[in-house]
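All remarks here apply to the structure that follows.
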Amino acid sequence: MKAHFKSDNLFRRASQVIPGGTYGHVTPATGLPRHFAHFCSSGQGVVFQDVDGNEWIDFMCAYGAVLHGYQNPIVEEAVEIQRQKGAIFNHPNEVVVELAEKLTQTIDFASWSVFAKNGSDLTTWAIRVAREHTRRTLIVKALGAYHGVDAWCDPGLGGRINSDRSDILEFEWNNLNQLEDMFKQKKDDIAGVILTPYHHAAFAPSTMPSADFWAHVRRICTENGTLLILDDVRAGWRLHEGGSHRFFNFTPDLSVFSKALGNGYAISACVGMEEFKPAASEVFLTGSCWNDAVAMRAALTSLSITAENKVSQNVLKKGRFFCERLESLAKGFNYSLKMTGPPSMPYPWFEGDVNLFLIQKFCKVASKQGLFFHPHHNWFISNAHDQDSLERSLQLAGNAFEELRSSGL
Ligand SMILES: Cc1ncc(COP(=O)(O)O)c(C=O)c1O
């Protein structure tokens with residue numbers, strides 16, 4: 001691994017003209033330690049290059065946005081044809097209808113779909129649909145759950161005013177008694193419950209739903225006339241080809257997707273049941289470039305690849321192989337590592353590592369081997385992770401454990 005001269009220099013330049021230099025989970029200020037490169041230059045399949053020419057085997061997949069590998073040739077070919085015709089016009093391109101039809105065929109409970117550019121655009125829109133339909137104000141979410149950058153749910157404190165959260169209630173994931181109590185007290189005011197398919201908080205191991213969680217939440221929502229909104233932005237298509245609700249066997253009222261939907265092209269979708277279509281048509285929705293035919297073509301192509309190749313099942317299987325092998329590799333060096341959450345998007349957790357020191361150090365030594373493992377965020381498996389790249393990564397991870405052990409940690 002070469003030194004990050006160009007990357008560091010770019011970061012210095014960025015800090016002059018971009019607040020914080022870089023933002024979100026890639027900023028060294030809040031998330032990604034500085035031994036990682038700050039800027040990428042290119043990528044193919046599961047490998048990307050940073051601006052200093054280092055090559056990395058990737059386990060973050062653009063934070064989940066890439067499911068079929070960087071520059072997937074089938075997606076890129078379809079995109080190129082669309083690009084030559086144009087991306088944005090005054091009116092939507094016909095691909096929007098094709099994409100809405102495709103999603104309503106793919107997602108069993110959906111009879112309509114709308115599109116935007118980011119997950120946040122539509123998680124925020126979805127809670128407004130719930131409010132419009134129920135004429136109620138309160139929204140329930142899980143404590144520590146991320147649903148986007150808007151003030152009702154973002155993890156930052158900057159620019160926040162008290163009223164941003166005054167209509168948001170939070171319960172601890174899997175604490176159904178707490179949820180029941182909330183409904184006992186406020187049932188006539190609760191418009192919607194928004195949840196991710198399982199709990200994937202940053203800086204903490206992932207938690208799967210308890211056996212009766214989803215049946216219970218569904219029942220509470222139905223009994224109280226409250227909409228159940230599934231935020232499938234991160235997990236979408238890494239658990240089930242038909243949406244993550246199928247993996248956990250329940251039916252939401254609305255589901256929001258983004259990330260893997262366009263295999264790297266900016267697009268999000270909210271799908272819903274017929275009953276909520278009138279409310280959906282009342283809540284204003286638009287944006288600059290939201291009718292981007294190129295991103296929609298990417299999504300359409302990506303969805304076809306997912307269905308034809310059973311990609312969700314594949315990434316679960318590949319992830320299972322990788323996680324089991326990584327855990328036993330760790331054990332061989334006397335570390336107790338647990339890959340929490342579903343194997344297609346595992347969160348690594350060293351037992352007893354409450355201050356995250358060990359995972360940070362492990363990811364640091366792994367970075368010297370050219371492995372992009374994130375210390376505080378769940379990782380992502382893509383369908384481009386083939387047996388060779390997984391085995392090579394395990395071999396490199398073995399070198400990293402060796403260095404970790406010899407450092408005395
Ligand atoms: C579960 C979940 N919901 C919503 C969002 C927000 O999506 P976006 O970053 O596209 O606005 C994210 C992004 O990471 C997410 O993981």
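Quick note: numbers below take in every heavy atom, side chains included, and nothing from hydrogens, waters or symmetry partners. Numbering of ligands and ligand atoms starts at 1, following listing order. If you're wondering where the values come from, they're calculated on a predicted model, not measured in any experiment.
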> Counting heavy atoms not belonging to Glu351, are there more than 12 under 6.0 Å from its CD?
Replying inline: no
> Measuring from each atom of ligand 1, which residues have a heavy atom under 4.0 Å away?
Replying inline: Asn118, Gly119, Ser120, Tyr146, His147, Gly148, Thr196, His200, Asp231, Val233, Arg234, Lys259
>> Centre-to-centre under 6.0 Å for Phe213 and Phe248, is that the case here?
In response: no
>> Strictly below 4.0 Å, N to O, side chains only: are Glu180 and Arg219 in salt-bridge contact?
In response: yes
>> Test your reading of the model: is there a side-chain donor-acceptor pair from Arg297 to the backbone of Gln82, 3.5 Å cut-off?
In response: no
>> Can you tell me if Arg392 has over 12 outside heavy atoms packed within less than 6.0 Å of its CZ?
In response: no
>> Just to verify, what does Lys102 make a salt bridge (charged side-chain N to carboxylate O under 4.0 Å, His left out) with, not counting sequence neighbours?
In response: none
